[in-house]
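This report concerns only the one structure given below.
Heads up: numbering here begins at 1 and tracks the sequence.
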Amino acid sequence: MNQSRKVQGRVHRKAKVLLYLLLRKTRFFKGSPREFFRMTLDSFLAQLNLNQDFPFLLVAVFVGLVTGYVAVVFHEAILIISELLFAGRSMTANPDFTSLNDMVFLPLIPAAGGLFVGLYNAFVVKERPGHGLASVIKAVAQKNGNLARHLWVHKTITSVISIATGGGGGREAPIAQVGAALGSSLAQKLKFTAGRTRSLLGCGAAAGLASVFNAPLGGVMFAVEVILGDFSVHTFSPIVVAAVVGTVLSRSYLGSSPTFQVTEYSLISNSELILYFVLGVLAGLSAVLFIKVFYAIEEWFRRIEKRFNIPVWAMPAIGGLFCGLVCMWIPALYGFSYEVIERALNGSVSWPTMAVVYLLKPVVAAFTVGSGGSGGMFAPAMKMGAMLGGMYGETVNALFPGMTAASGAYALVGMGALTAGIMRAPLTVILILFEITGQYEIVLPIMFAAVTSSLVARLTYRHTMESYVLEKEGVKVGFGIALSIAGNISVRDVMRKNFIRFSDVTRVERILDVFYNTPESNFFVITEDGRFVGMIRLEEMSILLGDDPVTGLIADDVVKKDVPLLSDTARLDEALKLFELSDYTVLPVVDLNSGRLVGIVKQDDAFSYYRKQMNIYGADRTESSAG
């Protein structure tokens, strides 16, 4: 025994020496050997300085690897359990009324899965499950990207059981949440900054969705468009790395074929775009229907829970039973199977089946997830959209047989358009649809219909699946910002009144003289009575810094006049959105009535003030909940 310990001790010392030599060689560690061997884990991680760009990319690679492995386990576990429980049952078969298994046991399988999930959440997690992606977006906006440390483990277990036992939810959103929680947990462990924590959360979400869909571009766009709302390069790069690594790993186990095998489609004629536009309108309205039906059923579950004093852990079992009773009649509604989608994409599903699945898919998804079970809305939206497109495609084929593609093309476009309407993220959906089908020719109709659907859904109903939940909790989110907090702050609270301004008739020589003698690079131009004219930024100054001497010019000759403005009555949320959408780091504040320049807002000041208010808000919420 002692000999074994001595051997282990020698191995550990040799490993430490090799690690020390490696770190000294790469210059990651500059201390003495004595300091190295006495370091704690925290000081070691601090010495590595993983917050820097290159080391952070290595951490993103690690997140992509781990998330990829989790996605493979997630996928295979659902496949094994569902095949065991449902014995290879065809998802388009009719129930056997003479079979005891079909009439009794089939409805009980989702109920048993719901009971497991309810008990697990009540006695292991010890809290009511939140809405998956909504909780991730809220963490980005309000909690600096911090999610519960073990959320990824709990979410993996409950989602696998819920989906594999016949629940109506999908697996894509849960694995994205699992990846986000994994990235957030690692960032917290490594004591990353808030910005890096949010980025690593996005890395996990992108890697999760990319792995399960075999769609790296779609995973990246999902993270930056839906989760973070941040398209900056320093955020984009690690997310791309994580998504690629996760996809490569999942492909090595699950194969590199597109998710759906479909025949080649193309645009038959340019006039067919009109039909795809109409499909986009129908998809947008259907997206609103999906959201309203889902939350109406969820709220109904909450009411009966309170009215009859039902234990919270029993609600997912009740929802699972309802789901099972419906799915035993229409097996295509089960969440673990995409068979009906693939058949619709190939034009081999009957009109009545498509109509029933279209109408009932949001219902069974709400039975499962709205009652407290686990699952995502990505797959249900795709399934409902494919049915809408398939029905529409068969209709236009009958009306215009010579100028329309096969019904499967419309099913494909409908699948993407309705999903875009629910998520209000057309770029994400366009990329994912292209990657999971490998159909480049159909991209133009998908783009047209997805954007139309998003616009129609937004005009018809202001909520997405996530914003509905968040606003009920008092959180208004946009562009990665908690707008409910920023909307209560006036720009006057962060406005500066001391800044450099010039009259519009000031000679350029005077402006150059000030430029050479001040660290400022943004100058503001006003009229004699103080009304705002425009800005002279570094871009404009560079024109004046050439070899030829500048003479005879005045400020009005070089000023940039089409500048985004803030009124003195504006709120901080408006300023933050302008900073996110434009390349300006300073914005002028003008009097709403007179147009006079009254101050400026700097980007650093605005975001710093916002973060301070969020910390105060978070502390107040913690104290109130503790009380």
Mark yes or no for whether [X], through its side chain, and [Y], through its backbone, hold a donor-acceptor pair below 3.5 Å.
{"X": "Ser211", "Y": "Gly246", "answer": "yes"}
{"X": "Asp568", "Y": "Leu592", "answer": "yes"}
{"X": "Thr247", "Y": "Ala243", "answer": "yes"}
{"X": "Ser184", "Y": "Leu201", "answer": "no"}
{"X": "Thr67", "Y": "Gly64", "answer": "no"}
{"X": "Ser453", "Y": "Ala449", "answer": "no"}
{"X": "Gln188", "Y": "Leu147", "answer": "yes"}
{"X": "Asn517", "Y": "Asp513", "answer": "yes"}
{"X": "Glu435", "Y": "Asn214", "answer": "no"}
{"X": "Thr452", "Y": "Gly280", "answer": "no"}

Can you measure from CZ (Arg492) to CG (Leu572) and round to the nearest 0.5 angstrom?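 Arg492 atom CZ to Leu572 atom CG measures 14.5 Å (nearest 0.5 Å).
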What distance do Phe290 atom CZ and Leu418 atom CG have between them, rounded to the nearest 0.5 Å?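 Here the interatomic distance stands at 8.0 Å.
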Could you tell me which non-hydrogen atom of [X] sits nearest to which non-hydrogen atom of [Y], and how far apart they are?
{"X": "Val456", "Y": "Thr460", "answer": "O-OG1, 2.6 Å"}
{"X": "Glu509", "Y": "Leu553", "answer": "OE1-O, 4.4 Å"}
{"X": "Ala223", "Y": "Ala206", "answer": "CB-CB, 3.8 Å"}
{"X": "Ser454", "Y": "Ala420", "answer": "OG-O, 3.3 Å"}
{"X": "Val491", "Y": "Arg571", "answer": "CG1-O, 3.6 Å"}
{"X": "Glu172", "Y": "Val212", "answer": "CG-CG1, 3.9 Å"}

How about CE on Met495, more than 12 heavy atoms from neighbouring residues, nucleotides or ligands closer than 6.0 Å, or not?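 Counting other residues, nucleotides and ligands, CE of Met495 exceeds 12 neighbours.
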Is atom CZ of Phe277 surrounded by more than 12 heavy atoms (other residues, nucleotides or ligands) closer than 6.0 Å?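 12 or below, so no.
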Parallel, tilted or perpendicular for Phe213 and Phe378, by the 30°/60° rule?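 Answer is perpendicular, since the angle exceeds 60°.
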Between Glu225 and Thr428, is there a side-chain donor-acceptor contact under 3.5 Å, judged purely by atom types and distance?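 Note: Thr428 and Glu225 side chains meet the donor-acceptor criterion.
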For Ser594 and Asp591, does a side-chain donor sit closer than 3.5 Å to a side-chain acceptor?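 A donor-acceptor contact under 3.5 Å links the two side chains.
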Taking the side chain as every heavy atom from C-beta outward, state whether [X] and [Y] have any atom pair closer than 4.5 Å.
{"X": "Leu186", "Y": "Leu200", "value": "yes"}
{"X": "Leu433", "Y": "Met415", "value": "yes"}
{"X": "Val61", "Y": "Leu57", "value": "no"}
{"X": "Lys561", "Y": "Val533", "value": "yes"}
{"X": "Phe62", "Y": "Val245", "value": "no"}
{"X": "Ile239", "Y": "Met221", "value": "no"}
{"X": "Asp504", "Y": "Ile554", "value": "no"}
{"X": "Leu597", "Y": "Val589", "value": "no"}

Testing Asp604, Ile600, Val601, Asp605 one by one against Val586 for a side chain to side chain contact (heavy atoms under 4.5 Å, CB included), which residue passes?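 Of Asp604, Ile600, Val601, Asp605, side chain to side chain contact (heavy atoms under 4.5 Å, CB included) with Val586 is met by Ile600 alone.
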Could you walk me through whether Val70 and Ile175 satisfy the side-chain contact (heavy atoms from CB on, under 4.5 Å) test, starting with their C-alpha distance in whole Å, then the side-chain angles of each, then the deciding distance to 0.1 Å, before giving a yes or no? CA-CA 8 Å; Val70 173; Ile175 193 60; 4.0 Å; yes
Within 45° cone of [Y] ring axis and under 6.0 Å: [X] NZ or CZ:
{"X": "Arg537", "Y": "Tyr584", "result": "yes"}
{"X": "Arg596", "Y": "Phe532", "result": "no"}
{"X": "Arg458", "Y": "Tyr461", "result": "no"}

Assert yes or no for the condition that the ring centre distance of Phe523 to Phe502 is strictly below 6.0 Å.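 Yes, the ring of Phe523 comes within the 6.0 Å limit of the ring of Phe502, centre to centre.
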Going through the checks in order, is the side-chain contact (heavy atoms from CB on, under 4.5 Å) test met by Ile291 and Tyr295? CA-CA 6 Å; Ile291 297 170; Tyr295 284 113; 3.8 Å; yes
Taking it one step at a time, do Glu520 and Lys602 satisfy salt bridge (Lys or Arg N to Asp or Glu O under 4.0 Å)? CA-CA 12 Å; Glu520 292 294 329; Lys602 290 194 170 185; 3.5 Å; yes
Does the side-chain contact (heavy atoms from CB on, under 4.5 Å) test come out yes or no for Val443 and Ile446, once each step is laid out? CA-CA 5 Å; Val443 166; Ile446 288 175; 5.5 Å; no
Determine, stepwise, if the pair Leu133 / Phe222 fulfils side-chain contact (heavy atoms from CB on, under 4.5 Å). CA-CA 11 Å; Leu133 291 181; Phe222 169 78; 3.9 Å; yes
